[in-house]
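Residue numbers start at 1 and run along the sequence shown. Computed from heavy atoms alone, side chains included, the values below leave out hydrogens, waters and symmetry copies.
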Amino acid sequence: MDKLPKVALPAIFILIALVILISKSAVTIGSGESGVLYKTFGGGVVTDAPPLGEGFHIVAPWNKVFVYEVRQQEVFEKMQVLSSNGLEIKLDASAWFEPKREFLGKLHQEKGEAYVQRVLLPTIRSAARSVVGRYTPEQLYSSKRDAIQQEIYEETKKIVDGQYIQLNEVLVRDVTLPPTIKEAIERKLKQEQESLEYEFRLVTAQKEAEKVRIEAQGKADANQILSASLTDKILQDKGIDATLELSKSPNAKIVIVGGGDAGLPLILGNN
């Protein structure tokens, strides 16, 4: 086998060096990611230019690219906080967030890649303690969860907005009270429900009694008016009309006008 020409060896070494250089210089940014460029001999983190977008990039081999996910992400946190009366409450919450893409260089320079642990989570814990401390266990258990969730979100967002983090939502997943407190609240809520049901039945019965009373009063008033309007003459005329109607029947009978009591007609039949 012939030996390689002497000129070929340097070319091979140069080719290998180029391959290594390109491999060190090539950076691929994936979907939903951005890259922060760090120039070793050019002032460090680049903050005055947009971060590197998705796709293939060539950078100097002595520089570095720090890749960040810029899609919406979710972080979970379990906390122990105190209510307004000092009882320990367990709170499970999660936050939807994303780094602000246009300030990614600042975020990397000032907070670093662990910005979630350094900034976001401590802020959520602080906001949760502050908000839950305003409410009683009864309020936390029943009607105030949505309000608590919104207040934690607002207090957290107010802080992290200035830390190059965009907070999209805070969700309170679960509120756990001490068992004895939970049982006491459930008993109280049950008693309140039973009291409301009793009051409803009482009001219904009172309305029904009032209805019956009004109907009875109406009948009494009608009878009183009728009694006041019935004179002997009117009764006599009504009796005559009724007797005449009876006289129209086919049965044999004799009608004597004025033969009865109070001058009413008298009917004499076969029987």
Side-chain angles (χ1 to χ4, degrees), residues 11-79 81 91-132 146-173:
I12 293 174
F13 287 127
I14 292 173
L15 181 62
I16 293 174
L18 286 174
V19 170
I20 294 174
L21 184 64
I22 292 174
S23 65
K24 292 289 186 180
S25 303
V27 176
T28 301
I29 308 295
S31 299
E33 296 177 338
S34 286
V36 175
L37 179 62
Y38 178 87
K39 294 183 177 180
T40 305
F41 304 110
V45 178
V46 176
T47 59
D48 56 356
L52 301 178
E54 299 175 4
F56 182 81
H57 301 270
I58 296 292
V59 298
W62 51 84
N63 293 335
K64 296 180 181 179
V65 175
F66 296 89
V67 179
Y68 282 79
E69 184 174 1
V70 293
R71 289 177 290 205
Q72 177 172 278
Q73 304 161 61
E74 185 174 22
V75 62
F76 295 88
E77 183 68 1
K78 294 180 179 290
M79 297 166 278
V81 294
L91 193 71
D92 290 356
S94 65
W96 294 346
F97 71 97
E98 57 193 84
K100 293 183 178 180
R101 189 188 302 256
E102 64 274 23
F103 297 109
L104 203 56
K106 286 284 189 181
L107 178 67
H108 178 75
Q109 186 180 56
E110 297 180 17
K111 314 303 174 186
E113 295 175 283
Y115 68 93
V116 174
Q117 290 73 28
R118 291 177 178 174
V119 178
L120 184 59
L121 289 179
T123 307
I124 292 175
R125 295 187 200 110
S126 177
R129 293 190 184 98
S130 174
V131 171
V132 173
D146 289 343
I148 292 166
Q149 181 173 286
Q150 182 64 23
E151 289 180 28
I152 293 175
Y153 165 76
E154 290 174 356
E155 291 201 11
T156 304
K157 181 177 177 62
K158 185 166 55 179
I159 295 174
V160 301
D161 261 353
Q163 306 294 321
Y164 319 115
I165 301 171
Q166 177 179 314
L167 183 65
N168 298 333
E169 192 65 79
V170 170
L171 304 174
V172 174
R173 304 289 185 177

Legend entry - Audit row: E110, Y164, side-chain hydrogen bond (donor to acceptor under 3.5 Å, both in side chains) steps and yes/no: CA-CA 10 Å; E110 297 180 17; Y164 319 115; 3.0 Å; yes
Inset, instruction - Show your reasoning for whether salt bridge (Lys or Arg N to Asp or Glu O under 4.0 Å) applies to R71 and E54. - result: CA-CA 12 Å; R71 289 177 290 205; E54 299 175 4; over 6 Å; no
Legend entry - Residues F97, V75; criterion side chain to side chain contact (heavy atoms under 4.5 Å, CB included); working and verdict: CA-CA 8 Å; F97 71 97; V75 62; 4.0 Å; yes
Legend entry - side chain to side chain contact (heavy atoms under 4.5 Å, CB included) assessment of E155 paired with V131: CA-CA 9 Å; E155 291 201 11; V131 171; 3.8 Å; yes
Inset, instruction - Could you walk me through whether Q72 and W96 pass side-chain hydrogen bond (donor to acceptor under 3.5 Å, both in side chains), step by step? - result: CA-CA 6 Å; Q72 177 172 278; W96 294 346; over 6 Å; no
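Pairing each heavy atom of N63 with each of K39, the nearest pair is OD1-CA, 3.2 Å. Here the closest heavy-atom approach between residue I165 and residue K100 is recorded as O-CE, 3.8 Å. Scanning all heavy atoms of the two residues, the minimum distance from F76 to S94 falls at CD2-CB, 3.7 Å. For the pair K111 and R118, the tightest heavy-atom approach, listed with the atom from each and the gap, is O-NH1, 2.6 Å. Between V65 and G35 the shortest heavy-atom distance is CG1-CA, 3.9 Å. Looking at every heavy atom in both residues, R101 comes nearest to E33 through NH1-O, 4.4 Å.
By the 4.5 Å heavy-atom criterion applied to side chains, I152 and Q150 are not counted as neighbours. With a 4.5 Å cut-off on side-chain heavy atoms, Y68 and V36 count as touching. With a 4.5 Å cut-off on side-chain heavy atoms, V27 and F56 do not count as touching. Two residues are said to be in side-chain contact when any heavy atoms from C-beta on lie closer than 4.5 Å; V70 and E98 fail this criterion. In this structure, the side chains of R125 and E77 come closer than 4.5 Å at one or more pairs of heavy atoms. Put simply, the side chain of Q73 reaches to within 4.5 Å of the side chain of P99, judged on heavy atoms. Side-chain contact between V46 and D48: present, with at least one pair of heavy atoms (C-beta onward) separated by less than 4.5 Å. No side-chain heavy atom of V172 sits under 4.5 Å from any side-chain heavy atom of D92.
Rounded to the nearest 0.5 angstrom, T156 OG1 and E151 CD are separated by 11.5 Å. Here the CG atom belonging to L121 is positioned 9.0 Å from the CE atom belonging to M79, to the nearest 0.5 angstrom. Note that the CG atom of L37 and the NE2 atom of H57 stand 10.5 Å from one another [nearest 0.5 Å]. In this structure, I124 CD1 and L91 CG are separated by 10.5 Å, a value rounded to the nearest 0.5 Å. Distance check, rounded to the nearest 0.5 Å: CZ of F103 to CD of Q109 gives 13.5 Å. Rounding to the nearest 0.5 Å places CG of L104 at 6.0 Å from OG of S34.
Between the T40 side chain and the W62 main chain, a donor and an acceptor come within less than 3.5 Å of each other. Side-chain N or O atoms of T123 include one that pairs as donor or acceptor with a backbone N or O of V119 at under 3.5 Å.
Partners of Y153 by ring-ring contact (aromatic ring centres under 6.0 Å, His included), not counting sequence neighbours: none found.
A donor atom on one side chain and an acceptor atom on the other are found under 3.5 Å apart for Q166 and N168.
Residues E74 and R173 are paired through a salt bridge, judged by an N-O separation under 4.0 Å between the basic side chain and the carboxylate.
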